[in-house]
Asker: 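Dropping a structure here in structure tokens format, bear with me for questions.
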Amino acid sequence: MKQGLAAFAVGFIFAIGLGVSGMTQPEKVMGFLDVFGNWDPSLMFVMIGAIGVHAVAYRLIRKRSSPLLAGSWHVPTKKDLTPALMIGSVLFGLGWGLAGYCPGPAVTSLASFQFQAWLFVAAMLVGMLIFKALDTKLKLQK
């Protein structure tokens, strides 16, 4: 129960941050990715701010022997870098660049009732179902 509430609170705060920073606006994201055109660097400052906050918070939090709501830390290792993860990362980047949404901002944008956000989330869910079916058949993840 505590983990569910914590996940909801963190997700809610994350959604507010996405909205305030403009990450839920595809045209803003596309402007950021258009480095050789009409480049909008404002999202770079959002990322730099997030990296700065994370760098400080991560060092403070990792001094604890375990997380508050779990028995141990689950930190990715180099062994977690699989071909399936690499391919998925490339597809994620391409989708983000083409649509201007990544999953978090897209889900957050559902509250705006914009057709594009609903279409993106529907396509994302279909893609997840296709991946799950392929993964079951081809054993892409180990």
Asker: Is there a side-chain contact between Leu33 and Trp39 (heavy atoms, below 4.5 Å)?
Answerer: no

Asker: Kindly compute the distance separating CD (Gln25) from CG (Leu43), expressed to the nearest 0.5 Å.
Answerer: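 Here the rounded value is 9.0 Å.
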
Asker: If every non-hydrogen atom of Gly71 is compared with every non-hydrogen atom of Ser66, which pair is closest and at what distance?
Answerer: O-CB, 3.5 Å

Asker: Examine Phe45 and Phe14 and state if one hydrophobic cluster contains both, with Ile, Leu, Val, Met, Phe, Trp and Tyr joined whenever side-chain heavy atoms are less than 4.5 Å apart.
Answerer: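 Yes, same cluster.
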
Asker: Please find the pair of heavy atoms, one from Met30 and one from Leu98, that lie closest to each other, and give the distance.
Answerer: CE-O, 3.6 Å

Asker: Quick one: are Met86 and Pro83 in side-chain contact, heavy atoms under 4.5 Å?
Answerer: no

Asker: Once rounded to the nearest 0.5 Å, what's the spacing between atom CG of Asp40 and atom NZ of Lys28?
Answerer: 4.5 Å

Asker: What's the shortest heavy-atom distance between Ala106 and Ala117, and which atoms?
Answerer: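 Looking at all heavy atoms of both residues, the closest pair is O-CB, 4.2 Å.
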
Asker: Transitive ILVMFWY cluster of Val107 at side-chain heavy atoms under 4.5 Å: who else is in it?
Answerer: Tyr101, Leu110, Phe113, Trp118, Phe120, Val121, Met124, Leu125, Met128

Asker: As a quick check of understanding, evaluate side chain to side chain contact (heavy atoms under 4.5 Å, CB included) for Phe32 and Glu27, giving each step before the final call.
Answerer: CA-CA 9 Å; Phe32 174 71; Glu27 55 278 348; over 6 Å; no

Asker: Look at the side-chain heavy atoms of Ile, Leu, Val, Met, Phe, Trp and Tyr, link any pair under 4.5 Å apart, and say whether Val10 and Met23 land in one connected group.
Answerer: no

Asker: Linking Ile, Leu, Val, Met, Phe, Trp and Tyr through side-chain heavy atoms less than 4.5 Å apart, which residues share a cluster with Tyr58?
Answerer: Ile61, Trp73, Val75

Asker: With a 4.5 Å limit on heavy-atom distance, are the side chains of Ile48 and Ile51 in contact?
Answerer: no

Asker: Can you list the residues that meet the side-chain contact (heavy atoms from CB on, under 4.5 Å) rule with Phe12, with sequence neighbours excluded?
Answerer: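 Ile16.
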
Asker: Nearest 0.5 Å please: distance from the CD1 atom of Ile13 over to the CG atom of Leu18.
Answerer: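 Nearest 0.5 Å value for the CD1-CG distance: 12.0 Å.
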
Asker: Say you draw a straight line from CH2 of Trp96 to CG of Leu94; how long is it, rounded to the nearest 0.5 Å?
Answerer: 12.0 Å

Asker: According to a hydrophobic-cluster definition based on side-chain heavy atoms being under 4.5 Å apart (Ile, Leu, Val, Met, Phe, Trp, Tyr only), do Met44 and Val35 belong together?
Answerer: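 In one cluster: yes.
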
Asker: Check for a donor-acceptor pair, side chain of Ser109 on one end and backbone N or O of Thr24 on the other, with a separation under 3.5 Å.
Answerer: yes

Asker: Any idea which heavy atoms bring Asn38 and Asp34 closest together, and the distance?
Answerer: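 It is N-OD2, 3.2 Å.
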
